[in-house]
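Heads up, the thing below is written out as structure tokens.
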Amino acid sequence: MATNRTFTMIKPDAVANNHTGKVIDDILNAGFKIIAMKYIHLSTSQAEGFYAVHSERPFFRDLVSFMTSGPIVAAILEKENAVEDFRKLIGATNPANAEEGTIRKKYAKSIDANAIHGSDSDENADIEGNYFFSQFERF
Ligand code: ATP
Ligand code: MG
């Protein structure tokens, strides 16, 4: 059953390329409300913990190295049907396959530097939001 929250990170490539403001604008214009937000530079162990489900994948080391290459913006977002609608807004993992108008189509260059993360299930949205934010940091 769909809940109303998802978790996102604007990734190091999008932050470094000064796309943060435009990406947040797209998110707000799509009807999402920001529940919590922070600008942080992940440590290696924080990135490894976040992506632990991918630890056996061949691209894991590159993924951790990319995600720690510069600051990110992490946020919890709220909207009806948040997880599914947000995945539609960001587009396919590989920007080459992302639909026109999606955040990855507009701002991402490659499958590794793909501008933004969006939770893939309600359960993961909850786990990921809790990984970054304490109960005192959200409404
Ligand atoms: P995210 O979890 O970042 O929102 P996603 O759910 O679309 O992306 P996942 O399968 O969860 O994709 O992969 C996590 C991240 O790992 C991707 O965003 C991408 O940066 C990287 N990744 C996935 N597949 C590959 C691949 N084949 N080669 C290189 N990097 C990859
Ligand atoms: Mg994913």
Side-chain angles (χ1 to χ4, degrees):
M1 201 196 76
T3 62
N4 56 1
R5 287 191 179 185
T6 191
F7 171 81
T8 188
M9 292 181 289
I10 304 174
K11 295 187 177 182
D13 58 318
V15 173
N17 293 324
N18 290 338
H19 292 143
T20 305
K22 285 171 281 188
V23 170
I24 292 172
D25 214 35
D26 284 358
I27 291 170
L28 294 174
N29 284 331
F32 291 87
K33 180 180 162 195
I34 297 168
I35 298 299
M37 179 171 269
K38 61 170 77 163
Y39 182 89
I40 42 173
H41 194 149
L42 290 176
S43 69
T44 297
S45 63
Q46 285 169 329
E48 286 170 346
F50 184 82
Y51 283 113
V53 293
H54 294 309
S55 61
E56 301 305 319
R57 309 275 284 274
F59 55 82
F60 181 67
R61 292 297 358 144
D62 288 344
L63 177 60
V64 168
S65 148
F66 168 66
M67 288 303 293
T68 56
S69 66
I72 63 157
V73 175
I76 296 173
L77 305 172
E78 190 170 84
K79 182 186 181 295
E80 197 182 309
N81 202 33
V83 167
E84 194 184 337
D85 286 1
F86 195 72
R87 296 282 291 191
K88 274 192 206 132
L89 178 67
I90 71 178
T93 307
N94 186 345
N97 303 328
E99 273 185 52
E100 220 45 66
T102 59
I103 289 174
R104 281 170 169 161
K105 183 71 176 185
K106 290 197 277 187
Y107 306 117
K109 292 283 185 297
S110 66
I111 191 168
D112 7 17
N114 64 358
I116 192 158
H117 163 80
S119 304
D120 60 11
S121 66
D122 291 333
E123 190 194 358
N124 284 335
D126 199 47
I127 292 169
E128 292 169 3
N130 289 334
Y131 190 79
F132 277 86
F133 296 97
S134 78
Q135 62 181 306
F136 303 108
E137 294 175 307
R138 54 175 97 172
F139 300 106

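Here the structure is a predicted model, which means the values were calculated and not measured. Residue numbers start at 1 and run along the sequence shown. One-based numbering, in listed order, for ligands and for the atoms of each. Only this structure's heavy atoms are used, side chains among them; waters, hydrogens and symmetry mates stay out.
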Checklist entry - Looking at N114, which atoms of ligand 1 are within less than 4.0 Å of one of its heavy atoms? => result 17 (C), 18 (O), 19 (C), 20 (O)
Checklist entry - Are D13 and K109 close enough for a salt bridge, meaning some N to O gap below 4.0 Å? => result no
Next on the checklist: If hydrophobic residues (ILVMFWY) are linked whenever their side-chain heavy atoms come closer than 4.5 Å, directly or via other members, who joins I127 in its cluster?
Outcome noted: none
Checklist entry - With backbone taken as N, CA, C and O and side chain as the heavy atoms from C-beta onward, which portion of H54 lies under 4.0 Å from ligand 1: side chain, backbone, both, or neither? => result side chain
Next on the checklist: Below 4.0 Å, non-hydrogen atoms only: which portion of R87 touches ligand 1? Side chain, backbone, both or neither.
Outcome noted: side chain
Item to check | Within reach of ligand 1, part of L63 (heavy-atom separation under 4.0 Å) | outcome: side chain
Item to check | Donor-acceptor pair, side chain of E137 and main chain of S134, under 3.5 angstrom | outcome: yes
Checklist entry - Is it true that Y51 lies under 4.0 Å from ligand 1, counting heavy atoms only? => result yes
Item to check | Check: F59 N/O within less than 3.5 Å of ligand 1 N/O | outcome: no
Checklist entry - Who else is in the cluster with F50 when I, L, V, M, F, W and Y are joined by side-chain contacts under 4.5 Å? => result F7, M9, I35, I40, L42, Y51, F59, F60, L63, V64, F66, M67, I72, I76, Y131, F132, F133
Item to check | Main-chain N/O of H117 paired to T8 side chain as donor or acceptor, under 3.5 Å | outcome: yes
Checklist outcome for this item: Closest to atom 5 (P) of ligand 1 among protein heavy atoms sits T93 OG1, 3.5 Å
Item to check | Identity and separation of the nearest protein heavy atom to atom 20 (O) of ligand 1 | outcome: I111 O, 3.0 Å
Checklist entry - Under a 4.0 Å heavy-atom limit, does R104 contact ligand 1 with its side chain, its backbone, both, or neither? => result side chain
Checklist entry - Within the distance-only criterion (no hydrogens, no angle test), does the side chain of N130 pair as donor or acceptor with the backbone N or O of D126 below 3.5 angstrom? => result yes
Checklist entry - Quick one: nearest non-hydrogen protein atom to atom 1 (P) of ligand 1, plus distance? => result H117 ND1, 3.0 Å
Next on the checklist: Closer than 3.5 angstrom, by distance alone: can the side chain of R104 be matched with the main-chain N or O of A115 as a donor-acceptor pair?
Outcome noted: no
Checklist entry - For K11, is the nearest heavy atom under 4.0 Å from an atom of ligand 1? => result yes
Checklist entry - For G118 and ligand 1, does the shortest N/O to N/O distance drop below 3.5 Å? => result yes
Item to check | Any side-chain donor near an acceptor of the partner, Q46 and S43, under 3.5 Å | outcome: yes
